[in-house]
Amino acid sequence: MRIVTWNINSVRLRLPLVLRLLQEMQPDVLCLQETKALVDVFPTGPLAEAGWSHQLVAGMKGYNGVAILSRLPIEETVSREFCGRTDARHVAARIDGGPEVHNFYVPAGGDVPDPAVNDKFAHKLDFLAEMTQWLGTERSPDHPMILVGDLNIAPLETDVWSHKQLLNVVSHTPVEVEALDKVQASAGWIDAVRKIVPPEERLYSWWSYRAKDWSAADKGRRLDHVWVTPPLDGGIRHAEVIRDARGWEKASDHAPVVVDLDL
DNA sequence: ATGGCAGGTTATACCTGA
């Protein structure tokens, strides 16, 4: 099974890029974040015609929004609300005869890494705590599951261009990394990408739009993740960031992350 | 040297991203 996660930063604006990725990578499942589209304007038709006709979409106007596109039928779907908000940051579906897939868009957290003065950062930490609580109580590590998404945290030193310079920058602060570690421990989640790409090796999935030359500067962060529960651990075959897609015309600031699994 | 950009919105300024 091939699964891809991609923060698309507007699915309507970048529909041609999504179709290109589907053609080139032929994933079984594609999980999107930041679709920025209400369900009724989501491009269901063109994506179904391309072959990904089984879709689970959660959306709101202007912000957030997540979707699971599958070639195989999906069942037992759920879109959970976190922090008491209806803000389209999670969908989950069981792939027919396969694992349960959770797709998350964790809040970015604003600028100041202090929950006392920055409500967005407080929301991010609350969201992560609620994820930990929910995944830990509702789901067993014995259950074959995949968790993907834009988790908006780069946990390892090699997940950012400069560990020192980003220690106090939202996305790489110790308090966020600790919170993410707790999420990971909630159901024995294993970082599938780091099983393939050694932790000593630098790896990013996001590069700012603001750089003059994003690739030359290469000041990236690995914010997008693919995790699996222990039953799927032995089946991790391949993982990569499609860095090339960051250079496509009218690109998202995130690149897709691909993982191949034997189920 | 992070913010210099980018997307969406009852737009033409402001919020959000990270």
Side-chain angles (χ1 to χ4, degrees), chain A residues 5-18 32-43 57-67 82-83 85-90 103-115 117-128 149-177 179-180 202-225 241 243 245-257:
Chain A
T5 181
W6 196 8
N7 178 319
I8 194 62
N9 187 15
S10 174
V11 69
R12 285 173 291 173
L13 189 71
R14 282 183 244 289
L15 177 61
L17 278 65
V18 177
L32 298 172
Q33 303 87 33
E34 277 205 273
T35 53
K36 296 185 176 178
L38 279 165
V39 173
D40 47 354
V41 294
F42 188 89
V57 180
M60 61 185 290
K61 193 187 276 276
Y63 303 110
N64 310 334
V66 289
F82 287 82
C83 303
R85 305 187 191 200
T86 312
D87 56 358
R89 292 181 178 276
H90 169 262
N103 180 13
F104 280 97
Y105 176 51
V106 172
D111 283 327
V112 182
D114 180 355
V117 298
N118 174 6
D119 291 343
K120 292 179 190 175
F121 196 72
H123 179 215
K124 184 177 196 174
L125 296 180
D126 289 347
F127 192 99
L128 293 163
D150 177 1
L151 305 184
N152 266 319
I153 297 172
L156 306 181
E157 295 192 12
T158 50
D159 290 338
V160 292
W161 64 274
S162 168
H163 171 61
K164 265 191 180 172
Q165 290 180 75
L166 291 179
L167 258 176
N168 203 33
V169 172
V170 173
S171 73
H172 191 61
T173 63
V175 62
E176 289 169 87
V177 173
L180 190 69
R202 288 193 185 280
L203 187 67
Y204 315 137
S205 65
W206 172 86
W207 294 262
S208 170
Y209 280 126
R210 300 191 188 206
K212 269 201 186 72
D213 184 336
W214 69 273
S215 189
D218 203 22
K219 292 184 172 178
R221 308 177 198 173
R222 188 173 71 106
L223 305 177
D224 304 275
H225 300 270
V241 172
R243 183 181 169 116
R246 180 62 180 81
W248 291 353
E249 191 78 20
K250 291 287 281 177
S252 168
D253 46 355
H254 293 254
V257 182

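What you see is a predicted model, and the numbers here were worked out from it, not measured in a lab. Chain A is the first sequence line, chain B the second, and so forth, proteins listed ahead of strands; every chain is numbered from 1.
Taking atom C1' in both B/dG17 and B/dG4, the straight-line distance is 16 Å, to the nearest Å. Taking atom P on both B/dT16 and B/dT10, the two are 15 Å apart, rounded to the nearest angstrom. When the C1' atom is compared between B/dA11 and B/dA6, the two are found 15 Å apart, to the nearest whole Å. Nucleotides B/dA18 and B/dC5 have their C1' atoms positioned 12 Å apart, rounded to a whole Å. Straight-line distance between the P atoms of B/dG3 and B/dG8: roughly 24 Å, to the nearest whole Å.
In this view, A/Asp218 and A/Arg243 satisfy the salt bridge (Lys or Arg N to Asp or Glu O under 4.0 Å) rule, not counting sequence neighbours. Applying the ring-ring contact (aromatic ring centres under 6.0 Å, His included) test to A/His90 and every residue at least two apart in sequence or in another chain returns A/Phe82, A/His102, A/Phe104, A/Trp134. Residues passing the salt bridge (Lys or Arg N to Asp or Glu O under 4.0 Å) test with A/Asp253, sequence neighbours excluded: none. Considering only residues two or more places apart in sequence or on other chains, A/Ala245 meets the side-chain contact (heavy atoms from CB on, under 4.5 Å) condition with A/Trp6, A/Ile242, A/Trp248, A/Pro256.
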Q: Would you mind building the protein contact string for nucleotides 8-18 of chain B? One character per nucleotide, 5' to 3', B for base within reach (heavy atoms under 4.0 Å), S for sugar-phosphate only, - for untouched.
A: SSS----BSBB
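Within the structure, salt bridge (charged side-chain N to carboxylate O under 4.0 Å, His left out) contacts touching residues 158-172 of chain A (residues at least two apart or in different chains) are A/Asp159-A/Arg194, A/Asp159-A/Arg222.
Across all strands shown, A/Lys250 has heavy atoms under 4.0 Å from sugar-phosphate atoms exclusively, and none from any base. When heavy atoms are screened at a 4.0 angstrom cut-off, A/Trp161 is found touching base atoms of the nucleic acid.
Going from atom NZ of A/Lys164 over to atom P of B/dT2 covers 14 Å, rounded to whole Å. The interatomic distance linking A/Leu166 (CG) with B/dT2 (C1') rounds to 9 Å, in whole Å. For A/Asp213 and B/dC5, the CG to C1' distance is 14 Å, given to the nearest whole Å.
At least one donor-acceptor pair closer than 3.5 Å links the side chain of A/Arg246 to the backbone N or O of A/Trp207.
Counting only N and O atoms by type, the side chains of A/Glu176 and A/Ser171 include no donor and acceptor under 3.5 Å apart.
Distances shorter than 4.0 Å separate some side-chain N or O of A/Gln165 from OP1 or OP2 on B/dT2.
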